[in-house]
**Student:** 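Here it is, the structure, as structure tokens.
Source: prediction; values computed, not measured. All values below were derived from every heavy atom in this structure, side-chain atoms included, with hydrogens, water molecules and symmetry-related copies excluded.
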Amino acid sequence: MDYLYTVAILACIYAILSSSFNLILGLTGLFALSHAAFYGIGAYTAALFDLSLQLPFLVGVAAAMLIAGACSLLISVPSLRIAGDYLVIASFGFQFLVYAVFVNVKSLTKGPAGLPGIHAPEILGMRFDTPQSFLLLAAAMAFLAIAAAARISASPFGRILRGVREDEIATRALGKDVVRAKILVFTVGSMLAGGAGAVFAHHSSFISPDMFLLDESIYILAMVLVGGAGSILGSVLGALVLVVLPEALRFLDLPSVLVGQARQMLYAVVLLGFLLYRPQGLIPEWSRPVERIFARLGFSR
């Protein structure tokens with residue numbers, strides 16, 4: 001039973017990651033390969049605030065989001081002021097730079113050995129030290145992050161972001177500050193990824209650099225594409241599918257050395273299938289059922 005709770009917790013964490021990346025890629029059309037880097041920055045920040053400073057969980061989450069957002073400015077400000085293609089190059093390099101920092105700054109990160117012993121969260125005297133209780137916390141954090149992403153998507157600012165995606169020149173001609181909008185959404189998406197990293201660090205109680213590689217960024221990208229680029233609810237569904245579906249391999253009679261390879265092959269097959277036969281994803285952007293859900297929640301397009 002604890003295994004099912006663990007899968008559900010991971011689904012909540014990846015729902016935060018996919019919905020935040022959908023703001024950047026799906027809503028605004030900014031292609032970046034660094035989301036796992038901000039995920040890792042948040043995880044290491046929360047871990048250090050817990051292990052070295054003994055600060056409360058919520059303080060660590062806030063610090064993780066702020067530091068991830070600040071680090072995002074290092075690549076978004078220079079690259080987005082020039083052209084979108086530079087963001088791909090800058091984010092790709094930033095992903096490897098962050099990994100190099102995690103590995104080599106051993107005084108903080110302990111290098112490849114990672115950081116063990118991260119404590120279970122405690123809020124107002126309540127400890128979330130069981131899979132059941134942590135699932136409630138992860139679900140609450142996921143709800144807040146998804147609600148924030150949905151609010152941005154349905155706001156006037158969200159319409160500006162769609163304008164940037166569809167025709168940046170026309171949006172600029174209408175008097176909108178395109179560069180500011182791109183930098184802002186990239187920062188917000190990175191902050192949410194940092195918050196997801198903080199939740200993951202306290203869930204796993206151990207983090208290492210190998211958990212935040214380029215493969216993880218591509219995994220998050222796959223969730224957005226499978227769920228539906230531009231659809232916040234679609235990205236959440238994509239996270240659920242790609243977290244839960246590969247777990248079925250555990251019930252097959254496969255050698256342990258092949259399980260990881262089979263999982264990667266399954267990701268590839270699912271992603272290629274969607275790109276070829278349903279490129280709009282599971283929930284297309286602003287499909288009618290989704291619009292009704294947003295209307296009932298008090299959002300408007």
**Student:** Would you say the side-chain atoms of Thr109 pair up with the backbone N or O of Phe102, donor to acceptor, closer than 3.5 Å?
**Tutor:** yes
**Student:** Could you tell me whether the side chain of Phe206 reaches within less than 4.5 Å of the side chain of Ile118, counting heavy atoms only?
**Tutor:** no
**Student:** Are Val77 and Phe38 joined in one hydrophobic group, where the rule is that I, L, V, M, F, W and Y side chains link up if heavy atoms are under 4.5 Å apart?
**Tutor:** yes
**Student:** Do the side chain of Asn22 and the main chain of Ser18 share a donor and acceptor less than 3.5 angstrom apart?
**Tutor:** no
**Student:** Any donor-acceptor pair under 3.5 Å linking the side chain of Ser91 with the backbone of Val88?
**Tutor:** yes
**Student:** Between the side chains of Ser153 and Arg162, is a donor N or O closer than 3.5 angstrom to an acceptor N or O?
**Tutor:** yes
**Student:** So which heavy atom on Leu213 is nearest to which on Ala36, and how close?
**Tutor:** O-CB, 3.5 Å
**Student:** Check the pair Ile160 / Asp177 against side chain to side chain contact (heavy atoms under 4.5 Å, CB included), numbers first and verdict last.
**Tutor:** CA-CA 9 Å; Ile160 295 175; Asp177 192 338; over 6 Å; no
**Student:** Answer whether the closest heavy-atom distance between the side chains of Phe128 and Leu135 falls below 4.5 Å.
**Tutor:** no
**Student:** Donor-acceptor check, side chain of Thr28 to backbone of Leu25, threshold 3.5 angstrom: yes or no?
**Tutor:** no
**Student:** For Leu87, which of Phe92, Phe186, Phe31, Phe94 qualifies under side-chain contact (heavy atoms from CB on, under 4.5 Å)?
**Tutor:** Phe186
**Student:** When rounded to the nearest 0.5 angstrom, what is the spacing between CD in Glu216 and CG in Leu221?
**Tutor:** 12.0 Å
**Student:** To the nearest 0.5 Å, what is the distance between CG on Leu237 and CD1 on Ile283?
**Tutor:** 5.0 Å
**Student:** Is any side-chain heavy atom of Arg278 closer than 4.5 Å to one of Pro284?
**Tutor:** yes
**Student:** Measuring from Ser231:OG to Leu233:CG, what's the distance to the nearest 0.5 Å?
**Tutor:** 5.5 Å
**Student:** Hey, quick one: are Ile24 and Val178 part of the same hydrophobic cluster, counting side-chain heavy atoms closer than 4.5 Å, chains of contacts allowed?
**Tutor:** no
**Student:** How far does CG of Leu136 sit from CD1 of Ile9, to the nearest 0.5 angstrom?
**Tutor:** 9.0 Å
**Student:** Just how far is it from atom CE of Met211 to atom CZ of Phe200, taken to the nearest 0.5 Å?
**Tutor:** 4.5 Å
**Student:** Is there a donor-acceptor pair closer than 3.5 Å between any side-chain N or O of His202 and the backbone N or O of His119?
**Tutor:** yes
**Student:** With a 4.5 Å limit on heavy-atom distance, are the side chains of Val243 and Met223 in contact?
**Tutor:** yes
**Student:** Considering non-hydrogen atoms only, spot the tightest contact between Ser20 and Leu192 and give its length.
**Tutor:** CB-CB, 3.5 Å
**Student:** Side-chain heavy atoms under 4.5 angstrom apart, residues restricted to Ile, Leu, Val, Met, Phe, Trp, Tyr: same cluster for Ile218 and Val224?
**Tutor:** yes
**Student:** Is it the case that the ring center of Phe212 lies less than 6.0 angstrom away from the ring center of Tyr39?
**Tutor:** yes
**Student:** If two hydrophobic side chains count as joined below 4.5 Å and joins carry through other members, does Leu115 share a cluster with Leu53?
**Tutor:** no
**Student:** Pick one: which of Ile152, Thr171, Leu184 meets side-chain contact (heavy atoms from CB on, under 4.5 Å) with Leu161?
**Tutor:** Ile152
**Student:** For the ring pair Tyr219 and Tyr14, is the centre-to-centre distance below 6.0 Å?
**Tutor:** yes
**Student:** Same hydrophobic cluster for Ile41 and Val185, using side-chain heavy-atom links shorter than 4.5 Å among ILVMFWY?
**Tutor:** yes
**Student:** Restricting to non-hydrogen atoms, name the atom on Val103 and the atom on Pro209 that form the minimum distance, rounded to 0.1 Å.
**Tutor:** CG2-CB, 3.8 Å
**Student:** For atom CZ of Arg127, decide whether the heavy atoms of other residues, nucleotides or ligands shown that lie under 6.0 angstrom number more than 12.
**Tutor:** yes
**Student:** Does the side chain to side chain contact (heavy atoms under 4.5 Å, CB included) test come out yes or no for Ile146 and Ile16, once each step is laid out?
**Tutor:** CA-CA 6 Å; Ile146 294 166; Ile16 299 174; 5.6 Å; no
**Student:** CG of Leu276: more than 12 outside heavy atoms within 6.0 angstrom?
**Tutor:** yes
**Student:** Taking Ser34 for the side chain and Ala37 for the main chain, is one N or O donor matched with an acceptor at less than 3.5 Å?
**Tutor:** no
**Student:** Of all the heavy-atom pairs spanning Pro131 and Tyr5, show the shortest one and how long it is.
**Tutor:** CB-CB, 3.6 Å
**Student:** Check Glu168 with Arg172, please: is the shortest side-chain N to carboxylate O separation under 4.0 Å?
**Tutor:** yes
**Student:** Would Leu240 and Leu245 satisfy side chain to side chain contact (heavy atoms under 4.5 Å, CB included), going step by step from the backbone distance to the final call?
**Tutor:** CA-CA 8 Å; Leu240 294 176; Leu245 183 61; over 6 Å; no
**Student:** Could you tell me which non-hydrogen atom of Ile13 sits nearest to which non-hydrogen atom of Val199, and how far apart they are?
**Tutor:** CG1-CG1, 4.0 Å
**Student:** Would you kindly say whether Ser133 and Thr130 are connected by a side-chain donor-acceptor distance under 3.5 Å?
**Tutor:** yes
**Student:** Roughly how far, to the nearest 0.5 Å, is the CG atom of Leu10 from the CG atom of Leu17?
**Tutor:** 10.5 Å
**Student:** What is the minimum heavy-atom distance between Ser217 and Leu33, and which atoms define it?
**Tutor:** OG-O, 3.7 Å
